[in-house]
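Quick notes on the structure that follows.
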Amino acid sequence: MNSEGGPTALSQTTSIRPARTFTANRALQQEEGLLFEIGRLDVTGVDLEEPAAFVPRLGGLERAGAIGLPGLSEPEAMRHYVRLSQKNYGIDSGLFPLGSCTMKHNPRLNEKMARLPGFADIHPLQPQSTVPGALALMEMLSHWLIEMTGMNAVALSPKAGAHGELCGMMAIKAALAARGEHERQVVLVPDSAHGTNPATAALIGFSVRSVPAGADGMVRADAVKAALDGDVAAIMLTNPNTCGLFEAEIVAIAEAVHEAGAYFYCDGANFNAIVGKARPGDLGVDAMHINLHKTFSTPHGGGGPGAGPVVLSAALAPFAPAPYLRRDGWGLRLVEDSAREGDHAPFGRLTAFHGQMGMYVRALSYMLSHGANGMKQASEDAVLNANYIRAGLSDLLSQPFGDQPCMHEVLFDDAWLKGTGLTTLDIAKALIDEGYHPMTIYFPLVAHGAMLIEPTESESKLSLDLFIATMRDLALAVKAGEKERFLSAPRLSPRRRLDETRAARQPVLRWKPRAPLPQAND
Amino acid sequence: MSSLRFTKEHEYVRLDGDIATIGITDYAQKQLGDVVFVELPDVGAKLERGKQAAIVESVKAASEVYAPLTGVVIAVNEALPDTPAIVNSSPLAGGWFLKMTLAHAGEMDVLMSEADYNAYVETLG
Amino acid sequence: MRYLPLTAVERLDMLAKIGAASMDDLFVGIPADKRLPGLMELPAGRGECDVERLLNGLSAQNKAAGDVPFFVGAGAYRHHIPASVDHLIQRSEFLTSYTPYQPEIAQGTLQYLFEFQTQVALLTGMEVANASMYDGSTATGEAVLMAHRLTRRSKSVLSGTLHPHYRAVVETLSHMAGDHVEALAPAIAGRSEDILAAIDADTSCVVVQSPSFYGEIIDLRPIATKAHSVGALLIAVVSEAVSFGLVESPGQLGADIVVAEGQSIGNSLNFGGPYVGLFATRQKFVRQMPGRLCGETVDADGRRGFVLTLSTREQHIRRDKATSNICTNSGLCCLAFTIHMALLGETGLKRLARLNHAHAVRLADMLRDVKGVEVLNHSFFNEFTLRVPGDAATLVEALAQAGVLAGVPVSRLEPECPHLNDLLLVASSEMNSDDDRHRLVAAMKKVLA
C-alpha cells in the first residue's frame with residue numbers, strides 16, 4: 001500500500017452545547033438557513049418589465065415546467081449574505097499566517113481601479129481599435145513582469161497558478177517537439193513540490209520522476225544530476241521552496257538541467273519573497289508562473305479567481321500561446337490567432353478571450369503604488385516578519401532543518417508535540433479559538449506534521465508580537481498537559497470540528513426539497 | 001485449511017484451496033483513519049504482483065493497494081462501495097477487498113507469516 | 001509606503017531580536033552574485049491619487065459598452081447587475097478570505113458554494129454541480145478529459161457550432177495530452193452538419209453548444225441517443241447562462257455533462273475575465289469530476305455545517321493521479337453569480353430570459369429592413385447570425401467609428417474560413433433600449449448605402 005496525503009479520523013471532541021437560540025447565545029453570530037429554506041419561487045429582488053406579447057423563435061425547445069429556484073427580495077438577500085460573510089475569516093479580520101498562500105493586504109484602490117468602466121465594461125471582442133487603453137495596460141503589466149523577473153516574454157492569459165503551470169509545461173512540450181525530441185517524457189519533481197506540479201505534468205502526458213530533498217530541506221544538484229537522462233523534458237522546482245528556503249544550488253541545478261537538454265520550470269508561488277532582490281531570469285529559469293493573487297495582492301476571494309501569467313526565457317518565448325501582444329508597424333495589437341506569425345509559433349490557446357483583465361488591473365495598480373522601491377521593501381519586510389516569528393518561537397517549537405534564517409515563511413514540524421497526545425491539527429484548531437486563521441498544516445510533506453507560517457509584509461510589529469505571544473501561550477499549554485483545550489478546539493467559532501468522514505461517505509452535494517417550498521402570502 | 005500471509009505494504013492474503021482473498025491489515029486501516037471510499041478492480045481483471053489492485057481512500061489520503069500475488073480477480077466485495085466503514089471495523093473478515101486465483105503458487109512463500117508481520121509492525125513504532 | 005506598517009526603527013529592533021546585523025543577513029541564502037545590487041529599473045512608488053490618474057487615463061481611452069448602443073456577444077454578454085451584488089462581494093470576509101480549508105471559520109463561503117452548486121444543478125437539469133471552474137472554455141476542456149476517464153476512450157467529436165475559442169482550448173489540451181479530436185467544420189446554424197455520422201464506437205464524447213456559437217438552439221435529443229448507443233457521452237455547452245431561464249435544460253435533453261459560462265449572471269464583461277465556469281453532471285460520475293466540491297455534514301455539536309469534500313480527487317492529495325491540476329474555483333465570480341441568481345429567483349430569471357428573447361426577436365425583425373442583410377437563424381435566444389453585404393469586419397469597424405458597437409464578425413474567431421467573412425453575430429439584451437436598436441439599424445443603412 002502506498003499512501004498519498006495524511007491520515008484523518010474525527011478526533012475525540014467534547015460537546016459543549018450552546019442554548020438553541022437564534023444566535024446560539026453569541027451576539028452578532030446569527031444562524032442562517034439555506035437560500036432554499038428562506039426563498040420562495042414567486043419572490044424576486046430584481047424588478048423587470050414583462051415584455052409585450054411576441055412569437056418566440058426557440059425552435060420548439062422552450063423550457064417546460066419549474067426550475068425550482070427560490071428568490072429573495074433585496075433586504076432578505078442583504079441579510080442572507082451579510083450573515084454568511086460574518087461566518088468567514090479574512091485578511092481584514094486578522095493575521096492570516098497561511099504559509100505558501102501569501103495572504104497579504106488587498107488594497108481597495110485595486111478594486112476601485114478594476115471597476116472603471118474602461119476596464120470592467122469593455123467586451124473582449126469589440127474592435128481592438130476601441131480598446132487601446134486596455135492593450136496599453138496589458139503591455140505595461142507585461143513590461144513590469146518581465147523587468148521584475150529578468151525574463152524575455154510573458155504569456156498573460158493563464159487563469160490561475162495551476163493554469164500557468166500548464167502553460168509553461170505546454171510551451172516546454174512544444175519546444176521539445178520543435179526540436180524533434182519527442183522521447184523526452186519525464187518531468188523531475190522534488191518531494192516538497194506543490195501537488196499541482198505533478199498533476200500538471202501528468203495532465204499533458206508526462207510521467208513524474210521524484211527527486212528527494214536533502215537533509216536540510218534543499219534539492220541537491222547531485223540528486224538532480226543523478227535523475228537526469230535523455231528522457232527528461234524538464235524539472236519543476238519551487239524557489240524559494242515550500243520549506244521557506246532559497247534553493248542554494250539552484251544555479252548548478254539549472255546548468256545541469258540545460259546541459260542535459262531539458263528545461264527549468266520554476267513554480268513562482270513564492271516569488272513574493274524575492275521581488276526586487278533576485279531575478280529568476282538570472283538563475284537560469286525557462287518558465288515561471290506568477291500568482292497575481294499571492295505576490296501582487298489581488299484578492300483570494302474565498303478560492304478565486306486567480307491569475308497566473310507565465311514569464312518565459314528566450315528559448316520558450318516563441319511558443320507562447322495565443323493571444324499575445326505585438327507592437328510593430330501597425331502599432332500595438334493583440335494577435336488572437338494561433339497560426340504562426342513571423343518567428344512566433346504559438347502552441348495553441350489556453351482559454352477563451354484574453355485572460356483575467358480584472359486581475360491585471362488590480363495587480364498593476366499594486367505595482368504602480370509600490371514602485372521599484374516599495375516592492376523591494378515589501379519583500380524585505382515579508383522575510384523580516386517571518387524571521388521575527390521564527391526567533392520568537394524557536395525555543396518552544398521544533399524546526400525540521402534546524403534554526404536557520406528563512407525567507408518569507410518559517411516551517412515548524414511536530415517533533416515538539418511528541419508524547420503529548422496532540423497533533424498539528426489540534427494546534428491549528430486551538431489557534432482558531434484565539435482569533436487566528438491557522439497556519440498551513442501538513443504541507444510540505446517533507447516535514448512531519450508541518451506547520452508553515454507566512455505572516456507577509458502586511459503585519460505590524462504589534463500584530464506579530466501578539467501572534468507570537470499567542471503561539472507561546474499555546475505551546476506552554478501543550479507542555480503543561482492541557483490536552484482538553486486542544487482536543488475540544490475550536491469551541492468559539494461559528495461551527496466546531498466538522499465530520500468530514502460523514503461528508504465523504506455519504507456525499508450530500510446539493511439541497512434537495514424535503515417538502516414543497518413555502519409560498520409567500522400575498 | 002486456510003493460511004494467512006502478509007506484505008510489507010500491509011496487504012494480507014488468505015488462501016483457501018486455490019482461491020486467495022486480499023485485503024488490508026488492521027495496522028493499515030488504523031494508519032489510514034476512517035475509510036470513506038474503496039475503488040475495486042473489475043472481476044476478470046488480471047493482476048500482477050506488486051502492481052496496483054485497488055485504491056482505498058480516507059478523507060485526506062488516497063492509497064494504492066498492491067496485488068500481493070499474480071492472478072485473475074474472480075470476485076470483489078460488493079459491500080465496500082456502500083459501507084466502506086467495514087474496512088475499519090473488520091479488515092480481516094467483512095472488510096476484504098477481492099478474491100483472486102493464484103497463478104504462481106511460489107509467490108505465497110515470499111510473503112510474511114503472521115508472527116513475522118506482527119514483529120515487522122512493532123519496528124514501525 | 002502605505003501598505004507597509006513597519007517603521008525603520010521597528011525594523012532595526014526586529015533585526016536585533018533575530019540576531020541579524022542587517023537585512024542582507026536574512027537574504028544570505030541567495031547566491032551573492034545573483035542578488036540585485038540596487039533597485040529594479042522601474043518607476044518609484046506613487047500615492048493613490050497618482051495611480052488613479054494614470055489608470056483613469058488608460059480607462060478613458062477605451063470605448064465602454066455603456067457609452068454606446070452595444071450588441072456584442074459571442075460568449076460574453078452585457079447584462080444589468082444589481083447594485084447589491086457588487087456591494088456584497090466586496091465584503092471583507094468574502095473578498096479577503098481563503099479557500100475554505102478550515103471549515104469552522106469558513107462557513108460563509110462553504111454555504112454559498114453549496115447553494116451555488118444546487119442552483120447550477122437545477123439550471124442545467126443535472127444531479128450534481130461543482131463549486132465552479134475558471135470559465136466556460138476551460139470547463140469544456142475539463143469535461144472532455146473527464147469523459148475520456150469515464151469511457152476509457154480518447155476521441156472527442158466537436159460540433160461545428162462550438163465557440164471557436166472553446167474548440168481551440170479543447171484542441172490544445174487534447175493535442176498536448178495525446179488525445180484525438182474530430183472537429184467538424186463551422187456550421188452556421190447546426191443544420192448543415194451531420195454530427196450523428198461522426199459518432200462511432202471509438203468516440204468518448206460529443207461536444208455540442210446550444211444556443212450555438214451562431215445563436216441557433218440545437219435539439220440535443222437525437223445526439224444524446226446516438227452517443228449513448230455507442231457508449232459515448234454528450235457534453236452540452238452553454239455560453240449564455242440567461243438562456244437557462246427560457247430554453248429547455250440540457251439535462252432534460254439527455255446531456256451527461258453540462259458546462260457553461262456563468263459570466264452573464266452577476267459578472268461584468270471585464271474584457272474577457274475573470275469569469276465563472278459552471279460544471280454539472282450525473283451523480284454516478286461525481287468521483288471523476290474535476291474541481292472543488294462542497295458537501296453537507298454536521299459539526300461536533302451536531303449542527304449542520306459544510307465542508308469541501310471528495311478531495312482525494314484533487315491535486316493536493318492525488319498529485320500526478322489527480323482528476324485535474326486545478327487548484328482554484330472562481331470564488332468571487334461564483335459568489336456574484338449566486339447572489340444575482342438568488343435575487344432573480346425563478347420568477348426573475350424567467351422574465352429576464354423572456355425579455356432578452358423579445359428584444360432579440362424585435363431586433364431581428366428590424367434588421368430585415370436593411371437592404372442586403374439577412375438573418376440566417378431558424379431559431380435563436382438573444383443572439384443571431386446576419387449575412388451582410390461585403391466584409392463583416394469592415395462593417396463593424398465602420399459602425400464603431402459611427403458610435404455603434406454592432407457585434408462580432410465571425411472572421412475574428414474563424415480567420416481561416418474566408419467563406420464566413422460576411423457573417424456577423426449580433427446580440428441584444430435587456431440593456432438595449434428601442435433607441436439603441438434604431439441607431440444600429442440607421443447606422444447600418446447608412447454605412448451600407
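In what follows, chains are A, B, ... by sequence order, proteins preceding strands, each numbered from 1.
- Classification of the A:F353-C:H165 ring pair by plane angle, with boundaries at 30° and 60°, yields perpendicular.
- Only the side chain of A:P490 comes within less than 4.5 Å of a heavy atom of chain C; its backbone N, CA, C and O stay farther away.
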Checking side chain to side chain contact (heavy atoms under 4.5 Å, CB included) for the pair A:K277/C:R35: CA distance, chi angles, key distance, verdict?
-> CA-CA 6 Å; A:K277 303 295 289 184; C:R35 278 178 234 160; over 6 Å; no
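- Using cut-offs of 30° and 60° on the angle between ring planes, the pair A:H370 and C:Y3 is perpendicular.
- Only the side chain of A:A391 comes within contact range of chain C, judged by heavy atoms closer than 4.5 Å.
- When ring centroids are compared, C:H175 and A:F347 stay outside the 6.0 Å threshold.
- Of the listed residues A:A428, A:G355, A:G205, A:A307, the one with more heavy-atom pairs under 4.5 angstrom with chain C than any other is A:G355.
- One N or O on the side chain of A:D121 and one on the backbone of C:G66 form a donor-acceptor pair closer than 3.5 Å.
- Interface remark: A:L350 contributes backbone atoms only to the contact with chain C (heavy atom separation under 4.5 Å).
- Residue with the most contacts toward chain C among A:P117, A:G90, A:A378: A:G90 (heavy-atom pairs, distance under 4.5 Å).
- A:S493 approaches C:I105 most closely through the heavy-atom pair CB-CG2, 4.0 Å.
- Contact check for C:S249 versus A:R63: side-chain heavy atoms found under the 4.5 Å cut-off.
- For the options A:L384, A:I204, A:T130, heavy-atom pairs under 4.5 Å to chain C are most numerous at A:L384.
- Your options are A:L245, A:N106, A:V361, and the one with the most heavy-atom pairs under 4.5 Å with chain C is A:N106.
- With a 4.5 angstrom heavy-atom cutoff, A:M170 touches chain C via backbone and side-chain atoms both.
- Taking the salt bridge (Lys or Arg N to Asp or Glu O under 4.0 Å) definition, one finds that A:E459 meets it with nothing, sequence neighbours left out.
- Contacts between A:M148 and chain C at a heavy-atom distance below 4.5 Å involve backbone atoms as well as side-chain atoms.
- Side-chain contact check for A:P299 versus C:T96: every heavy-atom pair is 4.5 Å or farther apart.
- No donor-acceptor pair under 3.5 Å is formed between the side chain of C:Q107 and the backbone N or O of A:K87.
- Interface summary for chain C: among A:G371, A:A120, A:G71, the most heavy-atom pairs under 4.5 angstrom belong to A:A120.
- A:S369 and C:V51 make their closest contact through OG-CG2, 3.6 Å (heavy atoms, listed as atom of the first residue, atom of the second, distance).
- Looking only at side-chain heavy atoms (C-beta outward), C:T99 and A:H300 stay at 4.5 Å or farther from each other.
- Among A:G392, A:G303, A:G45, the residue making the largest number of heavy-atom pairs under 4.5 Å with chain C is A:G303.
- The residues A:R496 and C:D301 are annotated as salt-bridged, a charged nitrogen and a carboxylate oxygen being separated by less than 4.0 angstrom.
- With hydrogens and angles ignored, the 3.5 Å screen pairs no side-chain donor or acceptor of C:T138 with any backbone N or O of A:T351.
- Put simply, the side chain of A:H123 gets close to the backbone of C:A76: a donor and an acceptor are under 3.5 Å apart.
- A donor-acceptor pair is defined here as one N or O able to donate and one able to accept, closer than 3.5 Å; no such pair exists between the side chain of A:D499 and the backbone of C:T297.
- One N or O on the side chain of C:N62 and one on the backbone of A:A134 form a donor-acceptor pair closer than 3.5 Å.
- A donor-acceptor pair under 3.5 Å is absent between the side-chain atoms of C:E296 and the main chain of A:V508, judged by distance alone.
- Residue A:A201 does not touch chain C at all, counting heavy-atom pairs closer than 4.5 Å.
- Between the side chain of A:Q356 and the backbone N or O of C:G273, no donor-acceptor pair lies under 3.5 Å.
- Looking at A:V251, only its side chain comes within 4.5 Å of chain C, counting heavy atoms on both sides.
- Between C:Q102 and A:K429, some side-chain heavy-atom pair lies under the 4.5 Å cut-off.
- Shown here are the side-chain contact (heavy atoms from CB on, under 4.5 Å) partners of C:S97, two or more places apart in sequence or in another chain: A:N88, C:T109.
- Without hydrogens or angle criteria, C:T172 side chain to A:G348 main chain gives no donor-acceptor distance under 3.5 Å.
- The closest side-chain heavy-atom distance from A:V46 to C:L352 is not below 4.5 Å.
- Here the side chains of C:R2 and A:L109 are in contact, with some heavy-atom distance below 4.5 Å.
- For chain C, the nearby parts of A:A66 are the backbone and the side chain; heavy atoms of each come within less than 4.5 Å.
- Both the backbone and the side chain of A:H163 come within less than 4.5 Å of a heavy atom in chain C.
- Contact annotation for A:N387: both backbone and side-chain heavy atoms come within less than 4.5 Å of a heavy atom of chain C.
- For the pair A:Q86/C:R91, a side-chain contact is recorded, criterion being any heavy-atom separation below 4.5 Å from C-beta on.
- For A:L98, the part lying near chain C is the side chain, with the backbone staying farther off; criterion is any non-hydrogen pair under 4.5 Å.
- With hydrogens and angles disregarded, no donor-acceptor distance shorter than 3.5 Å links the side chain of A:D42 to the backbone of C:T347.
- Side-chain contact check for C:H357 and A:E62: no donor-acceptor pair (N or O, by modelled atom type) lies under 3.5 Å.
- Contact annotation: the side chain of C:M40 never approaches that of A:W144 to less than 4.5 Å [non-hydrogen atoms, C-beta and beyond].
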